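Following: one structure in structure tokens, then a few remarks.
Residue numbers run from 1 in the order of the sequence given. Every value quoted in this text rests on a predicted model; they were computed, and no experiment measured them. In each ligand, atom 1 is the first atom listed, and ligand 1 is the first ligand listed.
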Amino acid sequence: MKEINIAVIPGDGIGPEVIGEGIKILKAIEEKDPEISFSFTEFPWGCEYYLQQGKMMDADGIDRLAKFDAIYLGAVGYPGVPDHISLWDLLLKIRKSFDQYVNLRPITLLHPELTPLKGKSGSDIDFLVIRENSEGEYAGAGDWLYKGKPEEVVLQTGVFSRKGTERIIRYAYEEARKSNRTLTSISKGNALQYSMVFWDEVFEEVGREYPDVETYSYLVDAASLYFVTDPERFEVVVTSNLFGDILTDLGAALTGGLGLAAGANINPERKYPSMFEPIHGSAPDIAGKGLANPLASIWSASQMLDFFGEEEWGRTVLDIMRDLLKEPELLTPDLGGKATTQEVGDRFADMLKRK
Ligand SMILES: NC(=O)C1=CN([C@@H]2O[C@H](COP(=O)(O)OP(=O)(O)OC[C@H]3O[C@@H](n4cnc5c(N)ncnc54)[C@H](O)[C@@H]3O)[C@@H](O)[C@H]2O)C=CC1
Ligand SMILES: CC(=O)C(=O)O
Ligand SMILES: [K+]
Ligand SMILES: [Mn+2]
């Protein structure tokens with residue numbers, strides 16, 4: 001019997017709506033499989049908590065989370081609390097404290113009608129973005145000097161350590177080798193003459209240990225173009241924190257939108273819990289209306305299943321998603337349907353029970 005203890009942080013906006021449906025699916029799996037059991041412990045942290053308590057999470061929050069096997073998170077951020085506070089005091093705090101330096105974001109087209117690109121199918125758009133998730137442009141290094149004065153100056157410094165750069169690139173090479181796919185590094189070594197020249201050098205250097213892996217290296221501006229004009233060329237992609245953040249929303253746009261885009265924040269050494277979350281935010285424009293698509297968070301749950309060695313269940317969840325996507329009227333409005341968040345989750349759970 002495998003027991004997985006999950007800390008649940010539904011968070012803000014549509015976070016609680018979509019996480020509820022993901023838990024529904026995990027519970028349906030638990031019911032079907034006597035070998036798996038999940039426990040869910042919910043934490044009320046987020047912007048509402050901040051407005052009541054003056055903090056995004058409790059002071060001992062990280063210590064409490066450390067005891068869990070995994071964290072399942074919805075989204076953080078809501079009007080009324082500055083976005084940099086909500087992000088830094090909860091989401092980024094967890095990613096950094098638990099050294100979740102790998103962010104896995106699959107860009108996979110599950111149904112041909114989901115892409116705005118003409119004539120593309122699932123075999124054309126199917127790649128994995130491996131985003132550096134612990135430093136780089138989101139290292140949090142900087143300063144704000146002479147605030148409000150004419151000589152005001154703001155620094156936001158990218159930090160690319162030897163250790164941090166090497167480990168993410170090595171992880172990507174391993175993934176490419178294991179899955180027999182090409183590896184593409186996306187950087188910006190022409191304009192960023194320190195950080196990205198270093199990145200490119202490390203990419204080459206580590207690559208010498210992987211002569212069997214076919215590699216490509218693109219500048220991020222051209223890579224954005226190729227995402228749209230020629231997504232076939234990507235199989236495994238490795239890139240920095242900021243570029244990965246932006247490129248994966250673009251990738252989401254190619255494969256059905258943010259309602260379908262999943263992510264996993266991984267600590268590969270398993271020293272700390274990893275965190276699974278849809279890549280979208282709290283979507284205040286649609287929150288509280290039952291309009292949110294829960295499939296991204298359900299897909300993230302399938303990444304959690306993979307991470308704990310339950311790849312068969314992970315695959316089953318994606319198979320059901322593929323089947324569900326064939327019935328557009330059963331989907332949420334972002335995918336052209338009329339169903340509510342809950343109806344999609346209920347339908348998904350039914351399909352799973354019948355598997
Ligand atoms: N990891 C996280 O928790 C993230 C948090 N944020 C925060 O979320 C808040 C809103 O940010 P935005 O820039 O508006 O990004 P967003 O990802 O929340 O929304 C962008 C657009 O996508 C739509 N969308 C997102 N998820 C959807 C879903 N599941 N179903 C249907 N439509 C969906 C929204 O309605 C909106 O039009 C901000 O406070 C931001 O800081 C943003 C990105 C990631
Ligand atoms: C913060 C954010 O937008 C992301 O990690 O995708
Ligand atoms: K999220
Ligand atoms: Mn993002």
Side-chain angles (χ1 to χ4, degrees), residues 9-22 45-48 50-51 56-57 71-96 100-107 114 129-140 239-253 255-266 275-301 321 331-345 348:
I9 307 175
D12 305 312
I14 63 169
E17 299 174 58
V18 298
I19 285 300
E21 303 313 308
W45 300 328
C47 288
E48 223 172 286
Y50 180 90
L51 292 173
M56 288 295 293
M57 73 191 301
I71 302 163
Y72 190 36
L73 180 132
V76 295
Y78 217 68
V81 179
D83 283 341
H84 64 278
I85 292 185
S86 52
L87 212 67
W88 271 98
D89 290 2
L90 188 56
L91 186 80
L92 294 181
K93 187 167 176 176
I94 295 172
R95 286 184 185 163
K96 282 167 198 284
Q100 295 165 348
Y101 63 87
V102 176
N103 193 190
L104 298 177
R105 295 187 161 184
I107 306 294
L114 291 171
V129 175
I130 300 178
R131 166 191 176 192
E132 204 293 319
N133 210 34
S134 66
E135 52 171 38
E137 307 88 341
Y138 294 2
T239 191
S240 70
N241 211 333
L242 172 67
F243 294 166
D245 190 359
I246 298 169
L247 286 169
T248 51
D249 268 35
L250 177 58
T255 50
L258 284 172
L260 262 172
N265 305 276
I266 302 291
M275 176 163 68
F276 302 83
E277 55 158 343
I279 80 172
H280 62 71
S282 58
D285 53 338
I286 58 165
K289 299 180 184 147
L291 296 171
N293 188 345
L295 295 178
S297 68
I298 293 173
W299 192 334
S300 308
M321 210 171 297
L331 304 171
T332 43
D334 56 308
L335 299 181
K338 290 198 192 72
T340 64
T341 311
Q342 276 196 21
E343 283 165 355
V344 172
F348 204 112

Tell me the closest heavy-atom pair linking [X] and [Y], and the distance in Å.
X      : Y      : value
Glu137 : Leu242 : OE1-N, 3.0 Å
Gly263 : Ser300 : N-OG, 3.6 Å
Ala296 : His280 : CB-CD2, 4.0 Å
Asp89  : Met56  : CB-CG, 3.6 Å
Ala262 : Pro106 : O-CD, 3.5 Å
Val18  : Ser297 : O-OG, 2.9 Å

Per-atom contact, [atom], protein heavy atoms, under 4.0 angstrom:
atom                    : answer
atom 23 (C) of ligand 1 : no
atom 3 (O) of ligand 1  : yes
atom 16 (P) of ligand 1 : yes
atom 12 (P) of ligand 1 : no

Atoms in ligand 2 flagged as close to [X], the criterion being non-hydrogen separation under 4.0 Å:
X      : answer
Arg105 : 4 (C), 5 (O), 6 (O)
Arg95  : 4 (C), 5 (O)
Leu87  : 1 (C)
Arg131 : 4 (C), 5 (O), 6 (O)

Which of the ligand 1 atoms, numbered from 1, are nearer than 4.0 Å to a heavy atom of [X]:
X      : value
Gly77  : 39 (O)
Ala283 : 18 (O), 25 (C), 34 (C), 35 (O)
Ala292 : 30 (N)
Ile286 : 31 (C), 32 (N), 33 (C), 35 (O)
Asp334 : 31 (C)
Pro284 : 10 (C)
Ile14  : 26 (N), 27 (C), 28 (C), 29 (N)
Ala75  : 3 (O)

Contact check, side chains of [X] and [Y], non-hydrogen atoms, under 4.5 Å:
X      : Y      : result
Pro278 : Trp299 : no
Val129 : Leu247 : no
Leu260 : Thr255 : no
Tyr78  : Leu51  : no
Leu295 : Phe348 : yes
Thr332 : Pro294 : yes
Leu331 : Asn293 : no
Asn133 : Asn241 : yes

Provide, to 0.1 Å, the distance between [atom] and the closest protein heavy atom, together with that atom's residue and name.
atom                    : answer
atom 35 (O) of ligand 1 : Asp285 OD1, 2.8 Å
atom 9 (C) of ligand 1  : Ser282 OG, 3.3 Å
atom 1 (N) of ligand 1  : Glu277 OE1, 3.0 Å
atom 25 (C) of ligand 1 : His280 CB, 3.6 Å
atom 20 (C) of ligand 1 : Leu258 CD1, 3.7 Å
atom 2 (C) of ligand 2  : Asp245 OD2, 3.5 Å
atom 42 (C) of ligand 1 : Gly281 CA, 3.5 Å
atom 30 (N) of ligand 1 : Asn293 N, 2.9 Å
atom 7 (C) of ligand 1  : Val76 O, 3.1 Å

What residue among Ile286, Thr341, Ile14, Thr340 forms side-chain contact (heavy atoms from CB on, under 4.5 Å) with Leu291? Ile286
Reference residue Asn265; test side-chain contact (heavy atoms from CB on, under 4.5 Å); the match among Asn103, Val102, Leu91: Asn103
Output, by chain and residue number, all protein N/O/S atoms separated from the Mn ion (ligand 4) by less than 2.8 Å.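 Correct list: Asp245 OD1.
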How does Asp83 reach ligand 1, by side chain, by backbone, by both or by neither, if only non-hydrogen atoms under 4.0 Å count?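 Side chain only.
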Side chain, backbone, both or neither: the part of Leu91 lying under 4.0 Å from ligand 1 by heavy atom: side chain
How long is the gap from [atom1] on [X] to [atom2] on [Y], to the nearest 0.5 Å?
X      : Y      : atom1 : atom2 : value
Arg105 : Arg131 : CZ    : CZ    : 4.5 Å
Phe276 : Ile19  : CZ    : CD1   : 12.0 Å
Ile130 : Ile266 : CD1   : CD1   : 10.5 Å

Backbone N or O of Gly288 within a donor-acceptor pair of the Glu17 side chain at under 3.5 Å?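 The answer is yes, because a donor-acceptor pair under 3.5 Å joins these two groups.
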With a 4.0 Å cut-off on heavy atoms, is Ile279 in contact with ligand 1? yes
